[in-house]
Enquirer: 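Here it is, the structure in full.
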Amino acid sequence: MSRNVAAPGTVAAPDRPGRIRLLLSRLYVQCLLAVLAGVVVGSLWPSFGAELKPLGDGFVALVRMMIAPIIFCTVVHGIAAMSDRRTVGRVSLKALVYFEILTTIALVIGLVVVNVVRPGSGLHVDVSTLSTDSLPAEATQAHESFADFVLSTIPDTLVSALTGEEILPVLFVAVLFGFGLQASGEAGAGIAAGVEKLSTVLFRLIRWIMRLAPVGAFGSMAFTIGNYGLGTLRHLALLVGSFWLTALFFVLVVLGSVMRLGGLRLLPFLRYIKEELLIVLGTSSTEPVLPRMMAKLEHAGASKPVVGITLPAGYSFNLDGTAIYLTMGSVFLAQAVGVDLSLTQQLTMLAVMLLTSKGAAGVTGSGFVALAATLSAVPHVPVAALALIFGIDRFMSEARALTSLVGNGVATLAVARWEGQLDEARTRAVLRGDLPFNPDDTATDGLAPKEPAGSPREPVPAIG
């Protein structure tokens, strides 16, 4: 008798090695182990850990090179397939209204917490002892005005939008191109079909690249701990701790309430995107998970055009984590250098942050640059005070990125439901785990993941 076959009347022992192999094959488990390994390496061998930065940078760069074409294909195909052009305008307007409301709430919550906790009080830092020499060049250079920000969304050429680093120019060109295809009739239909097939190739490439996510997470975390050290946290632990708790409060209470209003629950959604959350935790950037988030949200029942417009736009207009960081960081610095900000001055800074929080891309360090832009625009706190938190900024960038990722995922589902383009029965089934997401399907069927054989699928409402 084979030793793998149980004798009659006995219960077969579970195949534990098989279960372990299955568990280790899952991306979120690999990323979790990689993050923990990065912490250990950075703590035990700081100099070696600091040298592993290229691993994280390389992974982020690989994904970043795919973002522009994927957004372009998603938006172009979604618009070209629509019969009503006004739908795009409605979705965009509703998304912007939602973004402004949630960003304002995040700013206000951060402002209230930092005034109650007052983490900078008692430091009594002498401004004359501070220098901007150690700050990155982006933090001390002149920052663009609102007009410059708007004009920056228009690329130099139609093709240069796909070769740049900004998301908004890609959206701008994609919307124009999609409308052009829609208005071109039969000629446009052929190009639209080609764009859809191109997306199949792009998602195949993303599937290969995402296998390197644990390597990128390991390198980034080892660099963070090795370069800055856990000891750095002790000096400004109150600021870091209160920021993380505030971000957690915003996610669980504010975003949880938004999900409840839509008849959904937040915790199942967090479980659904756990792999993306762990990748963001390791890399401190939301960019690497943008393609997978688009595929997952569409798989969860949100229509392709809503996902293609709302999620990429949220990367520039709905950075909830950065909004909390701006208010807490600026008021903390004011408290640390002994500047007593009046309520009017704080509200003025809040108004400025509504602008400076936009356009801060979901990459590591963008929140710090946005904070520098805020201090430059409102001369109540010297920019040199940024040197106080530069060393611990990396420990807050993970919370910024995680909060913004969840916020943009919730925003996409909320806007899709608001627009009537969310298959709610399918969304509930996906969040329950009845319809698991399979990344292999996104590579073989473009942007519309297939379901496992025999799995029920509710019809997704047609657009227009």
Side-chain angles (χ1 to χ4, degrees), residues 16-63 207-237 239-241 243-245 247-248 251-252 267 269-290 292-293 296 321 362-365 367 391-406 409 437 439:
R16 295 188 65 85
R19 284 187 175 184
I20 293 176
R21 283 195 299 270
L22 178 61
L23 193 63
L24 292 177
S25 68
R26 294 176 177 171
L27 183 62
Y28 76 92
V29 175
Q30 296 173 7
C31 289
L32 178 60
L33 294 176
V35 168
L36 294 176
V39 172
V40 172
V41 170
S43 300
L44 298 180
W45 303 284
S47 58
F48 176 68
E51 293 175 356
L52 297 178
K53 187 175 185 289
L55 294 179
D57 292 345
F59 170 69
V60 173
L62 282 172
V63 178
R207 177 193 168 198
W208 292 345
I209 292 173
M210 291 308 296
R211 293 176 180 173
L212 299 175
V215 178
F218 167 73
S220 294
M221 188 58 67
F223 163 75
T224 299
I225 303 301
N227 193 57
Y228 299 109
L230 290 173
T232 310
L233 290 173
R234 286 196 293 267
H235 299 290
L236 299 168
L239 173 62
V240 176
F243 174 71
W244 271 86
L245 290 176
L248 182 63
V251 169
L252 296 180
L267 293 183
F269 178 68
L270 296 180
R271 284 196 297 269
Y272 179 57
I273 61 170
K274 59 181 178 294
E275 293 176 348
E276 290 69 33
L277 291 173
L278 284 169
I279 293 172
V280 169
L281 177 65
T283 62
S284 297
S285 172
T286 56
E287 278 195 334
V289 298
L290 177 57
R292 279 179 63 95
M293 283 293 292
K296 276 197 167 184
V363 298
T364 304
I392 62 163
D393 176 74
R394 182 78 186 209
F395 293 102
M396 294 187 283
S397 65
E398 288 93 348
R400 291 199 302 264
L402 290 169
T403 305
S404 296
L405 176 69
V406 178
F437 173 78

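All values reported here derive from a predicted model rather than from experimental measurement.
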Enquirer: Is the backbone N or O of G321 less than 3.5 Å from a side-chain atom of S404, with the two atoms forming a donor-acceptor pair by type?
Expert: yes
Enquirer: Consider side chain to side chain contact (heavy atoms under 4.5 Å, CB included). Of V289, V406, T403, which one does V280 pass it with?
Expert: V289
Enquirer: Determine, stepwise, if the pair L278 / V35 fulfils side chain to side chain contact (heavy atoms under 4.5 Å, CB included).
Expert: CA-CA 8 Å; L278 284 169; V35 168; 5.5 Å; no
Enquirer: A side-chain contact here means heavy atoms from C-beta on lying under 4.5 Å apart; do V41 and M221 qualify?
Expert: no
Enquirer: Hey, what do you get for CG (L277) to OG1 (T286), rounding to the nearest 0.5 Å?
Expert: 11.5 Å
Enquirer: Rounded to the nearest 0.5 Å, how far apart are CD of E276 and CG of L405?
Expert: 7.5 Å
Enquirer: Can you name the nearest heavy-atom pair linking K274 to R271, along with the distance?
Expert: CG-O, 3.1 Å
Enquirer: What's the spacing between L252 CG and L245 CG if we round to 0.5 Å?
Expert: 10.5 Å
Enquirer: Ignoring hydrogens and angles, tell me if any N or O in the side chain of Y272 forms a donor-acceptor pair with the backbone of K296 under 3.5 Å.
Expert: yes
Enquirer: Are E275 and R292 close enough that some pair of their side-chain heavy atoms sits under 4.5 Å apart?
Expert: yes
Enquirer: Pair up each side-chain donor or acceptor in residues 51-62 with any protein partner under 3.5 Å, not counting sequence neighbours, and list the distances.
Expert:
| residue | atom | partner | partner atom | Å |
| --- | --- | --- | --- | --- |
| K53 | NZ | D57 | OD2 | 2.7 |

Enquirer: Looking at every heavy atom in both A399 and F243, which two are closest together, and how far apart are they?
Expert: CB-CE2, 3.5 Å
Enquirer: When rounded to the nearest 0.5 angstrom, what distance separates CD1 in I225 from OG in S43?
Expert: 5.5 Å
Enquirer: Which pair of non-hydrogen atoms, one from L281 and one from E398, has the smallest distance, and what is that distance?
Expert: O-CG, 3.4 Å
Enquirer: Which heavy atom in A217 sits nearest to a heavy atom in A34, and how many Å separate them?
Expert: CB-CB, 4.4 Å
Enquirer: Working note: W244 + L402, criterion side chain to side chain contact (heavy atoms under 4.5 Å, CB included); need CA distance, chi angles, decisive distance, verdict.
Expert: CA-CA 10 Å; W244 271 86; L402 290 169; 4.2 Å; yes
